[in-house]
There are 2 protein chains.
Amino acid sequence: MAKSKPTAGRPARPSRRKPKTRPASGLSRERIAAAAMALVDREGLAALSTRRLGSELGCEAMSIYHHFPGKTHLMDALVDLMLKAAEVPIIGEQGWLERLRRAAHGFRAMALKHPKFFPFFATHRLNTPAGVAFIDGIIGILRDAGFSDRDAATYFREIGYYLTGAALDETAGYARGPSAAEPVSGEMIAANFPHLAAAAPYFQPQHFQATFETGLEILLDGIWQAHRSRRRAP
Amino acid sequence: MAKSKPTAGRPARPSRRKPKTRPASGLSRERIAAAAMALVDREGLAALSTRRLGSELGCEAMSIYHHFPGKTHLMDALVDLMLKAAEVPIIGEQGWLERLRRAAHGFRAMALKHPKFFPFFATHRLNTPAGVAFIDGIIGILRDAGFSDRDAATYFREIGYYLTGAALDETAGYARGPSAAEPVSGEMIAANFPHLAAAAPYFQPQHFQATFETGLEILLDGIWQAHRSRRRAP
DNA sequence: AAATCAGACTTACACCGTAAGGTCGGAGGG
DNA sequence: CCCTCCGACCTTACGGTGTAAGTCTGATTT
């Protein structure tokens with residue numbers, strides 16, 4: 001960024017003439033992306049249209065196109081915004097297992113910070129700058145631990161599978177209410193699906209944290225075991 | 001396409017008068033849903049619009065609304081279609097662990113049968129009839145194994161997280177090509193992200209199966225261990 | 001034969017993303 | 001000082017979307 005350079009406009013502008021026709025709204029990629037994310041957080045992905053975003057910003061829809069070539073690019077910016085704000089702690093002094101654990105918790109926290117946006121995030125490859133940096137960091141933890149490239153790739157993926165699925169369920173799953181047009185009724189479930197009925201209470205949000213953690217620990221433990229046996233019998 | 005046509009004969013309709021204005025296309029929920037799924041399989045989710053589907057079926061867009069109250073209901077039907085065609089093998093003579101494993105593989109096979117549709121599937125709660133039946137079956141395996149309702153719910157979720165994430169990656173992930181509007185280039189990755197560059201070869205489709213299986217086995221093994229210790233020290 | 005009705009079609013509306021081109025205010029050079 | 005240029009924003013328009021409302025038509029029922 002820093003494209004605007006010296007002038008920076010703002011300071012020392014004594015002009016008392018208020019430009020009535022041109023409000024100098026001062027659009028920018030950052031401001032547009034921030035407004036878009038706020039809109040999604042507030043009203044959901046479906047509310048994010050160029051016209052709606054324009055009215056949110058106090059400009060016309062097409063003005064956005066001066067800063068982003070298309071909506072796709074704006075969505076990319078949102079992905080990057082989310083990842084950067086997350087500041088998933090990848091580096092640190094702890095051992096590799098603990099760093100992996102913290103990165104996983106950081107990922108979940110990031111998703112929960114923007115639950116309405118996460119379904120988009122999950123269904124799009126994040127090969128944006130911040131995205132590849134994030135991925136590189138996680139794989140780095142595994143490679144630093146001494147895993148082969150193949151094992152690092154495999155375990156990265158498996159943890160990623162789990163994290164994606166977990167965050168998707170917590171942000172878009174049952175706890176957010178039914179999504180089918182004609183959801184199966186509670187009575188129907190109670191009458192015909194005893195197993196689901198018995199488990200249903202534990203699908204409530206207050207159990208999310210514990211469920212997430214025990215599952216993550218199973219995975220991490222499995223990876224840790226593989227690490228041990230690898231050192232013992234190469 | 002085939003819109004005019006010879007009636008295709010509903011049985012025993014001797015009327016020689018060809019109804020020129022009304023082609024007797026014979027729409028039905030099943031036929032519409034099947035055509036919709038075929039269209040998605042062929043051209044992707046974005047191609048599924050009411051008008052396009054109508055032209056595929058040889059009818060007008062609004063005719064579909066006589067069989068489905070809205071597009072949402074049609075999407076529900078697709079979810080159910082996918083689940084029913086999967087026939088995920090939940091019951092069987094094997095032990096609970098093996099049944100769990102087979103259900104997991106069945107889920108993955110189902111996703112891979114309709115890769116273009118799966119992202120929709122993953123981001124929508126499947127509280128349709130076939131959906132709850134499926135869920136009930138999996139939880140039933142765990143409860144039959146002797147797990148408490150709480151543990152059954154927890155392990156069901158954790159397996160579900162993994163399956164969803166894995167299928168999402170295989171159907172919509174890197175292997176399907178970049179999705180960002182301006183993806184980070186390969187040279188950029190090679191130059192600045194050594195860990196990702198080292199792992200990238202193992203992100204190719206030929207490694208999907210092995211990655212999926214070792215991760216699943218880690219999870220199943222963890223659940224199996226919990227089952228053992230539970231019997232030993234209740 | 002008249003009335004009813006299911007199953008299609010037609011029209012229309014409000015929204016979407018965006019291509020193309022217009023307009024205006026300030027900056028820079030003569 | 002004027003004039004040109006240009007970045008930033010606006011206007012208009014097009015083809016797409018889902019769908020509410022109304023219409024037509026042939027078959028079935030009475």
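The figures that follow rest on heavy atoms only: side chains count, while hydrogens, waters and symmetry mates do not. Here the structure is a predicted model, which is why all the values come from computation and not from measurement. Order of the sequence lines sets the chain letters (A, B, ...), proteins ahead of strands, with each chain counted from 1.
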- Task: Please confirm whether the backbone N or O of B:Leu163 pairs with a side-chain atom of B:Arg108, one donor and one acceptor, at under 3.5 Å?
- Result: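 Looks like no, no N/O pair under 3.5 Å.
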
- Task: Answer with base, sugar-phosphate or nothing: what part of the nucleic acid does B:Leu48 contact at a heavy-atom distance below 4.0 Å?
- Result: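 If one applies the 4.0 Å heavy-atom cut-off, B:Leu48 turns out to touch the sugar-phosphate alone, with no base involved.
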
- Task: Could you tell me if the ring centre of A:Tyr161 sits under 6.0 Å from that of B:Phe212?
- Result: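 Between B:Phe212 and A:Tyr161, which both carry aromatic rings, the centre distance is not below 6.0 Å.
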
- Using heavy atoms to find the nearest nucleotide of DNA chain C for B:Ser28 and A:Ala47 separately, return the residue whose nucleotide is more 5′.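 The residue closer to the strand's 5' end, by nearest nucleotide, is B:Ser28.
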
- Round to a whole Å and report the spacing from CZ of B:Phe68 to C1' of C:dG7.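 From B:Phe68 CZ to C:dG7 C1': 15 Å.
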
- Message: Distance check needed: C:dG7 P versus B:Ile32 CD1, whole Å only.
- Response: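 B:Ile32 atom CD1 is separated from C:dG7 atom P by 11 Å.
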
- Between C:dC9 and B:Ser63, is there an OP1 or OP2 to side-chain N/O distance shorter than 4.0 Å?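 The answer is yes; a side-chain N or O of B:Ser63 sits under 4.0 Å from OP1 or OP2.
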
- Measure from the side-chain heavy atoms of A:Met62 and tell me the nearest of C:dC9, D:dC10, C:dG17.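 Of the options given, the side chain of A:Met62 lies nearest D:dC10.
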
- Task: May I ask you to verify if any side-chain N or O of A:His67 is less than 4.0 angstrom from the OP1 or OP2 atom of D:dG7?
- Result: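 Checking D:dG7 against A:His67, no side-chain N or O comes under 4.0 Å of OP1 or OP2.
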
- Query: B:Ile64 CD1 to C:dT10 C1': how many Å, rounded?
  - Reply: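 One finds 15 Å between C1' of C:dT10 and CD1 of B:Ile64, rounded.
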
- Item | Length of the NZ-P vector between A:Lys71 and C:dG17, whole Å |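 Distance check: A:Lys71 NZ to C:dG17 P gives 4 Å.
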
- Item | CD1 on B:Ile159 to OG1 on B:Thr154, rounded to 0.5 Å |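 The CD1 atom of B:Ile159 is 11.0 Å from OG1 of B:Thr154, to the nearest 0.5 Å.
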
- Could you tell me the separation between the CG atom of B:Leu45 and the C1' atom of D:dT17, rounded to a whole number of Å?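 Going from CG in B:Leu45 over to C1' in D:dT17 covers 15 Å.
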
- When the distance from CD of B:Glu60 to C1' of C:dT11 is rounded to whole Å, what number comes out?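 Spelled out: CD on B:Glu60 to C1' on C:dT11 is 11 Å.
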
- What's the CZ-P distance between B:Arg51 and C:dT11, to the nearest Å?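 Rounded to the whole Å, the gap is 13 Å.
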
- Could you state the interatomic distance from CD (B:Glu30) to NE2 (B:His67), rounded to the nearest 0.5 Å?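 B:Glu30 CD to B:His67 NE2: 10.0 Å, rounded to 0.5 Å.
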
- Message: In this structure, how many angstroms lie between the P atom of C:dG22 and the NE2 atom of A:His66, rounded?
- Response: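 Going from NE2 in A:His66 over to P in C:dG22 covers 17 Å.
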
- Task: Assign A:Thr50 to base, sugar-phosphate, or nothing according to its heavy-atom contacts below 4.0 angstrom with the strands shown.
- Result: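 Base, at least one base atom sits under 4.0 Å.
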
- Message: Check this for me: B:Lys71, atom NZ, are more than 12 non-hydrogen atoms of other residues, nucleotides or ligands nearer than 6.0 Å?
- Response: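 Above 12, so yes.
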
